[in-house]
Amino acid sequence: QAFKVLEPRIEHRTNPYQCLDNLRVASRRLRFGVCSVPTMSDESFRPSCPVRWAILALTCGGLFGQFYAFDIPSALNEQMRRSLTVSTGVDNEEYVYLFNLLYSVYSIPNIFLPLLLGIGIDRWGYRILIVVLGVCVFLGQLLFTFGVAEASWSIMLAGRVLFGLGGESLQVAQGCLLFRWFKGHEVAFAFGLNLSVARCGSVLNDIMSPWVVQRWGVVNTVALGGVLCLASLACNVCCVFLDKYEGERANVPEAKGDESFSPRDLMRLPKLYWLCVLMCVSVYCGILPFNNIASTFFIQTRYSQLPLAEAQRLAGSAMSLLFLSSAIGTPPFGILVDKVGMRRHFLLFSAILLSLTYMMMFSINPVASMLMLGIVYMVFAGALWPTFALTVPQRLLGTAYGLATSFQNAGLAIVPMMVGHLQATGGKGNFRPVIQLLACFGFIGTATCSAILYGGFPGGEILDLPSVEAARRHKLSECTPLHSSEPPETVAGKGLVKRNIGA
């Protein structure tokens with residue numbers, strides 16, 4: 001029976017002794033009824049390297065245009081202020097509110113949509129969702145460009161809503177795809193490189209947009225984001241086809257959950273997962289809303305004596321360091337996490353550094369402050385997202401990523417409006433209340449991660465293991481109840497873990 005299950009996979013192995021070992025393990029497991037026979041998701045199997053790296057490259061390209069387009073308003077804040085206050089007749093206070101609303105309406109639909117799509121991924125897979133969401137991103141940016149050309153806030157806001165419908169959920173779907181091909185090996189590196197290359201789009205926007213707008217105007221600068229979103233859509237389509245046909249040929253197990261999902265499963269997610277979600281919300285709400293207003297903050301506080309064009313250039317250069325340092329450092333940091341683990345310690349370090357950065361924001365150089373935030377972003381993102389996969393059963397992986405993204409976007413929908421209110425009431429150049437608010441999120445993140453590290457929650461020690469060992473221990477914890485005193489053979493014989501037999 002073991003040979004019958006493994007026979008289709010033997011031709012993909014070059015080492016006959018490894019095949020014999022797998023047969024022995026399979027027959028032993030089947031004799032005792034334990035879990036499943038070895039599949040290509042086990043640590044001993046690794047899909048074809050060229051295919052894995054091609055898929056990783058395409059997923060990176062699939063997010064590049066989206067990240068470039070998302071940050072265009074923040075890079076063109078002052079130019080849009082001068083253009084739209086005249087053409088639409090709004091005053092400065094109303095402009096601040098509408099500008100921050102561009103980011104809030106992006107996040108509002110993503111409070112619920114990633115969770116629903118995460119459940120859909122667990123039930124039906126991710127391929128069709130990746131294509132549909134990529135189309136939403138492109139059409140949303142196209143509509144936003146049309147709104148800027150027509151000087152219509154309602155069209156611009158509608159475009160950002162459509163853009164948001166695809167943006168965050170696309171990252172959820174891609175996360176499940178990457179986990180399929182990199183589980184148990186370079187998963188932190190793959191997630192880190194994916195985010196790193198995507199954030200290069202934000203870096204390129206911070207550098208290019210101030211230069212392009214001086215030569216071709218606001219509308220053409222925004223339209224360039226639409227062109228890059230179209231190129232990213234093409235990458236996503238190619239990635240889906242490659243994943244489908246090469247995955248079947250290499251017999252890589254589908255990253256698809258159990259169709260018996262129930263909403264009650266959400267209530268049974270471990271406390272460790274919910275603490276990671278809380279930290280995700282607090283730290284991201286401490287970084288990204290500041291980046292939305294960083295250009296105006298530096299122009300009005302640190303570069304207020306310079307001409308606007310020069311101030312805009314210096315502010316753009318400083319802003320680019322946030323995502324540039326993250327883009328450069330995330331891949332090697334992902335390799336480090338894969339090798340040494342220590343995810344909880346890295347998360348705590350990032351939260352403490354975030355708090356210190358805002359405490360020193362008015363006394364240090366803009367370049368230094370953005371570089372420190374870049375380090376926070378690099379360490380936090382590189383350690384956090386692979387952590388989610390180690391805190392929940394694999395059948396709920398899409399749901400877990402979707403739920404975390406939903407809560408993150410709930411925070412990113414509310415905090416920009418709070419920042420806009422504090423800006424409007426504080427007056428031009430008074431950003432002290434805004435910085436104090438963002439520092440509070442750093443303190444919350446520090447307290448939450450301290451609880452993760454020292455709270456003694458079940459499964460917490462797995463987060464500090466290297467990726468291969470962590471994946472093995474996590475798989476074992478799914479097969480065997482953590483506090484069971486019975487041997488695995490007895491547990492499986494009682495039928496507690498059967499769903500993988502014959503997979």
Side-chain angles (χ1 to χ4, degrees), residues 65-111 113 136-169 201-202 205-206 209-210 213 217-226 228-229 284-285 287-297 299 312 315-316 319 322-323 408-424 434 438:
Q66 173 207 332
F67 276 62
Y68 182 97
F70 174 80
D71 286 314
I72 285 177
S74 65
L76 302 181
N77 193 345
E78 287 300 312
Q79 286 87 347
M80 290 178 65
R81 182 196 303 272
R82 294 193 173 192
S83 173
L84 294 174
T85 51
V86 174
S87 57
T88 62
V90 300
D91 58 22
N92 184 69
E93 183 175 336
E94 190 174 0
Y95 170 82
V96 169
Y97 170 76
L98 290 171
F99 176 82
N100 283 280
L101 198 59
L102 290 174
Y103 287 94
S104 292
V105 298
Y106 171 91
S107 298
I108 286 173
N110 289 297
I111 296 174
L113 190 60
C136 288
V137 168
F138 169 65
L139 294 180
Q141 182 63 20
L142 206 61
L143 187 59
F144 178 72
T145 303
F146 180 72
V148 173
E150 295 294 318
S152 170
W153 281 104
S154 59
I155 296 177
M156 284 188 283
L157 291 170
R160 292 291 283 187
V161 169
L162 183 57
F163 187 85
L165 287 174
E168 296 298 317
S169 301
S202 299
N205 167 67
D206 289 334
S209 290
V213 76
V218 173
V219 176
N220 290 327
T221 305
V222 176
L224 178 59
L228 293 177
C229 286
Y284 274 114
C285 286
I287 298 176
L288 297 181
F290 176 75
N291 185 67
N292 300 343
I293 63 164
S295 176
T296 300
F297 173 77
I299 290 173
Q312 183 72 40
M319 287 173 60
L322 169 60
F323 297 129
Q408 175 191 340
N409 280 284
L412 294 177
I414 297 171
V415 174
M417 291 191 286
M418 296 172 62
V419 170
H421 173 73
L422 293 175
Q423 276 186 270
V434 174
L438 299 177

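Along the sequence shown, the residues carry numbers beginning at 1. Because only heavy atoms are used, hydrogens play no part in the values below, and waters and symmetry mates are left out as well, while side chains stay in.
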Student: Provide the closest heavy-atom pair for Q141 versus A69 in the form atom of the first, atom of the second, distance.
Tutor: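 Nearest heavy atoms, Q141 then A69: OE1-CB, 3.4 Å.
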Student: Between L76 and I72, is any pair of side-chain heavy atoms under 4.5 Å apart?
Tutor: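 The answer is yes, as the side chains (C-beta and beyond) meet within the 4.5 Å cut-off.
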Student: Report the distance from atom CD1 of I155 to atom OG1 of T145, rounding to the nearest 0.5 Å.
Tutor: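 Answer for the CD1-OG1 pair, I155 versus T145, is 11.5 Å.
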Student: Does one side chain, of N292 or S74, offer a donor that lies under 3.5 Å from an acceptor on the other?
Tutor: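 No, because no side-chain N or O of N292 sits under 3.5 Å from a partner of the opposite role on S74.
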Student: Just how far is it from atom CH2 of W153 to atom OH of Y97, taken to the nearest 0.5 Å?
Tutor: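 It is 11.5 Å, given to the nearest 0.5 Å.
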Student: In the structure I gave you, are the side-chain heavy atoms of F323 and F67 within less than 4.5 Å of one another anywhere?
Tutor: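 Result no, sub-4.5 Å side-chain heavy-atom pair not found.
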Student: Where is the tightest heavy-atom contact between L438 and P289, given as atom of each residue plus distance?
Tutor: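 In terms of heavy atoms, the two residues are closest at CD2-CB, 4.5 Å.
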Student: As an exercise, state the distance from CG of D71 to CD of Q66, rounded to the nearest 0.5 Å.
Tutor: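 It is 10.0 Å, given to the nearest 0.5 Å.
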Student: What are the two closest non-hydrogen atoms of P210 and V213, and how far apart are they?
Tutor: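 Minimum heavy-atom separation between P210 and V213: O-CG1, 3.3 Å.
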Student: May I ask you to check whether Y68 and D206 show a side-chain donor-acceptor distance below 3.5 Å?
Tutor: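 Per modelled atom types, Y68 and D206 side chains form no pair under 3.5 Å.
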Student: Verify whether the ring centers belonging to F70 and Y103 lie closer than 6.0 Å.
Tutor: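 Yes - the distance between ring centres of F70 and Y103 falls below the 6.0 Å cut-off.
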Student: Please examine the side chains of C229 and F163, heavy atoms only from C-beta on, and report whether any two atoms are closer than 4.5 Å.
Tutor: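 F163 vs C229: side chains touch.
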Student: With a 4.5 Å limit on heavy-atom distance, are the side chains of V90 and L84 in contact?
Tutor: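 Result no, sub-4.5 Å side-chain heavy-atom pair not found.
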Student: Calculate, to the nearest 0.5 Å, the distance between atoms CD1 and CG belonging to I293 and N77 respectively.
Tutor: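 The CD1 atom of I293 sits 9.0 Å away from the CG atom of N77.
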Student: What is the minimum heavy-atom distance between N205 and A75, and which atoms define it?
Tutor: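 Between these two residues, the closest heavy atoms are ND2-CB, 3.6 Å.
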Student: Nearest 0.5 Å please: distance from the CZ atom of F290 over to the SG atom of C285.
Tutor: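 Interatomic distance, F290 CZ to C285 SG, rounded to 0.5 Å: 15.0 Å.
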Student: In sequence, state the C-alpha distance, the side-chain angles, and the governing distance for R81 and T296, and then conclude on side chain to side chain contact (heavy atoms under 4.5 Å, CB included).
Tutor: CA-CA 10 Å; R81 182 196 303 272; T296 300; 3.9 Å; yes
Student: Could you walk me through whether V96 and N100 satisfy the side chain to side chain contact (heavy atoms under 4.5 Å, CB included) test, starting with their C-alpha distance in whole Å, then the side-chain angles of each, then the deciding distance to 0.1 Å, before giving a yes or no?
Tutor: CA-CA 6 Å; V96 169; N100 283 280; 3.7 Å; yes
Student: Any heavy-atom pair between the side chains of I287 and N291 that's under 4.5 Å?
Tutor: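 No, every pair of side-chain atoms sits at 4.5 Å or beyond.
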Student: Quick check: closest heavy atoms across P73 and M80, and the distance to 0.1 Å?
Tutor: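 What the structure gives for the nearest pair is CA-SD, 3.9 Å.
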Student: Are any of the side-chain heavy atoms of V105 and M156 separated by less than 4.5 Å?
Tutor: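 The answer is no, as the side chains (C-beta and beyond) never meet within the 4.5 Å cut-off.
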Student: Side-chain contact test, heavy atoms from C-beta onward, threshold under 4.5 Å: evaluate it for L162 versus V137 and give yes or no.
Tutor: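 Counting from C-beta outward, L162 and V137 never come under 4.5 Å.
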Student: If you draw the axis of the six-membered ring of F144, does the NZ or CZ of R160 fall within 45° of it and under 6.0 Å from the ring centre?
Tutor: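 Yes; both conditions hold, so R160 lies above the ring face of F144.
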Student: Quick check: do T221 and Q79 have side-chain heavy atoms less than 4.5 Å from each other?
Tutor: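 Counting from C-beta outward, T221 and Q79 never come under 4.5 Å.
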